[in-house]
Protein chains: 2
Amino acid sequence: MSPGQQTTPPTARTTTGRTYRGADRRQRQDERRARLMEAGIETFGTIGYRNATVDRVCAAAGLTKRYFYESFDDSEELLLAVYGRVAEELHTRIVADAEAAAPDIEAQVRAALTALFRTIGDDPRLARIAFVEILAVSGTVDSAWQAVNTAFVDTILQLTQPYLDAADLSETDLEILATGVLGAVVLIAQRWILGERAQPIEALVSNAHTLVMAVVSRVAALD
Amino acid sequence: MSPGQQTTPPTARTTTGRTYRGADRRQRQDERRARLMEAGIETFGTIGYRNATVDRVCAAAGLTKRYFYESFDDSEELLLAVYGRVAEELHTRIVADAEAAAPDIEAQVRAALTALFRTIGDDPRLARIAFVEILAVSGTVDSAWQAVNTAFVDTILQLTQPYLDAADLSETDLEILATGVLGAVVLIAQRWILGERAQPIEALVSNAHTLVMAVVSRVAALD
DNA sequence: TGATATTGACACTGCGGCGTATCAGATGCA
DNA sequence: TGCATCTGATACGCCGCAGTGTCAATATCA
């Protein structure tokens with residue numbers, strides 16, 4: 001487990017590196033990685049993952065390939081990292097606003113939808129990455145997409161949990177329904193972004209709200 | 001408009017060609033095109049458009065590149081042709097079954113959903129092409145996807161038209177709602193395909209039906 | 001100030017796919 | 001049967017990108 005001996009402490013110190021422009025090795029590396037992530041959002045979110053080459057991302061980051069491979073094995077790894085961050089940001093904002101509007105379920109749904117459409121309206125790159133570019137890349141990326149969807153489905157179920165207790169639906173049924181609700185919102189968002197964002201946000205929120213509440217009411221009321 | 005003169009009728013006859021293996025030029029070309037389309041469905045629907053090269057499609061068709069370029073300019077053109085056919089097939093089946101179940105709206109919705117999930121269950125390649133591979137390819141392909149979505153949204157609105165007359169919703173509102181309904185079904189289908197098709201078709205149909213009818217009822221009843 | 005680490009620009013190799021061209025063999029026509 | 005067409009296999013040139021290597025310029029430390 002330890003073929004390498006500590007005979008060369010000076011060499012070992014190389015790992016730490018020296019400070020440069022006021023930042024130590026780790027800080028510089030982290031900053032470069034952050035710039036690459038931002039460049040990934042910009043590149044994937046505008047020209048698309050398919051047209052994004054390592055060189056293009058590096059140009060957007062103002063760095064060279066050398067530092068790309070310092071932080072990522074390949075562009076797919078950057079995509080996964082970027083996607084993870086985008087999905088987390090969307091999730092965080094939606095949940096935060098929804099919880100702030102508790103306990104009124106209608107207000108919560110409205111807050112969640114408003115948070116979503118506002119966020120992607122302010123930065124359509126996020127929507128393109130989260131809802132479009134992430135699909136059909138590779139099995140690994142598909143898995144990540146599945147995982148994120150599962151997380152959102154779970155969140156939907158948690159938020160509506162208090163209102164679904166009476167429903168005698170199986171866990172599977174609830175998951176399918178929540179998947180449907182998620183899909184409804186996603187497609188509305190997709191078409192809004194890929195079109196010219198013709199409709200005002202209020203119309204999106206209002207109709208998505210109608211749809212979601214129709215489902216929640218129906219399920220809560222049984223039938 | 002006519003720099004070329006008809007000075008060479010024999011050459012012009014070349015266009016007609018000679019029969020070969022019992023088929024004339026046009027028939028052979030059509031048959032090759034059909035084989036390429038089928039190979040496109042197989043290739044795009046299994047390994048995906050991203051991994052599909054012209055050579056691979058040709059190998060699947062049992063033809064060489066020469067005949068690929070006889071019928072298509074590039075692989076994107078084949079994708080568009082394949083997508084058009086797949087979308088049309090789905091649309092045709094769904095509408096046919098839905099209309100056969102008229103005039104009971106509940107039965108129509110159930111028939112439409114059953115037709116969809118049956119079709120993609122029998123041939124998951126269609127679902128992969130229609131719902132996954134088609135996204136994030138190019139602006140042209142995006143437009144085709146938008147057009148197909150619009151067609152499905154219109155179909156949903158037509159099918160539910162009799163029940164929405166009373167609703168005082170604008171055209172825009174109805175389109176957004178129909179988009180949501182479509183998205184719900186699509187995401188349920190996507191997750192079903194990308195997962196291991198764990199749930200039985202009946203569960204998908206049943207829950208999608210619940211969701212769709214919840215929306216239709218809510219809209220029809222006003223509120 | 002000199003030695004060393006760090007940076008950025010760029011050259012280089014290798015791979016894989018696209019689109020075209022070539023050619024020998026098979027098929028149909030006169 | 002001989003000639004023209006069609007077919008299929010394969011070769012070829014080209015280009016773009018991935019990933020690595022080189023080197024001079026710059027910043028830090030002793």
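None of the values given here were measured: they were computed from a predicted structure. Below, read A as the first sequence line, B as the second, and so on, with proteins coming before strands; counting in each chain starts at 1.
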Rounding to an integer number of Å, can you tell me how far A:Leu63 CG sits from C:dT6 C1'? 13 Å

Applying salt bridge (charged side-chain N to carboxylate O under 4.0 Å, His left out), can you list everything that pairs with B:Asp74, at least two apart in sequence or on another chain? none

Near B:Glu88 CD, under 6.0 Å, is it more than 12 heavy atoms from other residues, nucleotides or ligands? no

Please enumerate all residues that pass salt bridge (charged side-chain N to carboxylate O under 4.0 Å, His left out) together with A:Glu70, with sequence neighbours excluded. A:Arg32

More than 12 heavy atoms of other groups within 6.0 Å of A:Arg50 CZ: yes

Here the side-chain hydrogen bond (donor to acceptor under 3.5 Å, both in side chains) pairs for residues 140-156 of chain B, sequence neighbours left out, are A:Arg191-B:Gln146, A:Arg191-B:Thr150, B:His91-B:Thr155

Side chain of A:Tyr69 only, please: which of C:dG17, D:dA18, D:dC17 is the nearest? D:dA18

side-chain hydrogen bond (donor to acceptor under 3.5 Å, both in side chains) pairs, two or more places apart, involving residues 55-68 of chain B: none

In whole Å, I'd like the distance from the CD atom of A:Gln27 to the P atom of C:dT6. 14 Å

Look for any protein N or O under 3.5 Å of an N or O in nucleotides 11-13 of chain D and output each such pair with its distance, or none.
none

Pairs meeting criterion salt bridge (Lys or Arg N to Asp or Glu O under 4.0 Å) with involvement of residues 128-140 of chain B, two or more places apart: B:Arg128-B:Glu133

D:dT5 phosphate, OP1 or OP2: any side-chain N/O from B:Arg25 under 4.0 angstrom? no

Partners of A:Phe72 by ring-ring contact (aromatic ring centres under 6.0 Å, His included), sequence neighbours excluded? A:Phe68

Just jot down the salt bridge (charged side-chain N to carboxylate O under 4.0 Å, His left out) partners of B:Glu175, sequence neighbours excluded, or say none. none

Spacing of B:Glu70 atom CD relative to D:dC6 atom C1', expressed in whole Å: 11 Å

Mark up nucleotides 23-30 of chain C, 5' to 3', with B wherever a protein heavy atom is under 4.0 angstrom from a base atom, S wherever such an atom reaches only the sugar-phosphate, and - elsewhere. ---BBBS-

Can you tell me how far C1' of D:dT26 sits from CZ of A:Arg28, to the nearest Å? 13 Å

Listed partners of B:Phe44 passing ring-ring contact (aromatic ring centres under 6.0 Å, His included), at least two apart: B:Tyr49

Please work out which residues in residues 44-52 of chain B have a non-hydrogen atom less than 4.0 Å from an atom of DNA chain D and list them by number. none

Roughly how many Å is it from CG in A:Leu78 to P in D:dC17, rounded to a whole number? 16 Å

Whole angstrom value for the distance that separates P of C:dG8 from OH of A:Tyr67: 5 Å

In whole angstroms, how far is the P atom of C:dT7 from the CG atom of A:Asp24? 11 Å

Whole-Å distance separating the CZ atom of B:Arg35 from the P atom of D:dG8: 7 Å

By salt bridge (charged side-chain N to carboxylate O under 4.0 Å, His left out) - contacts of B:Arg93 (at least two apart): B:Glu89

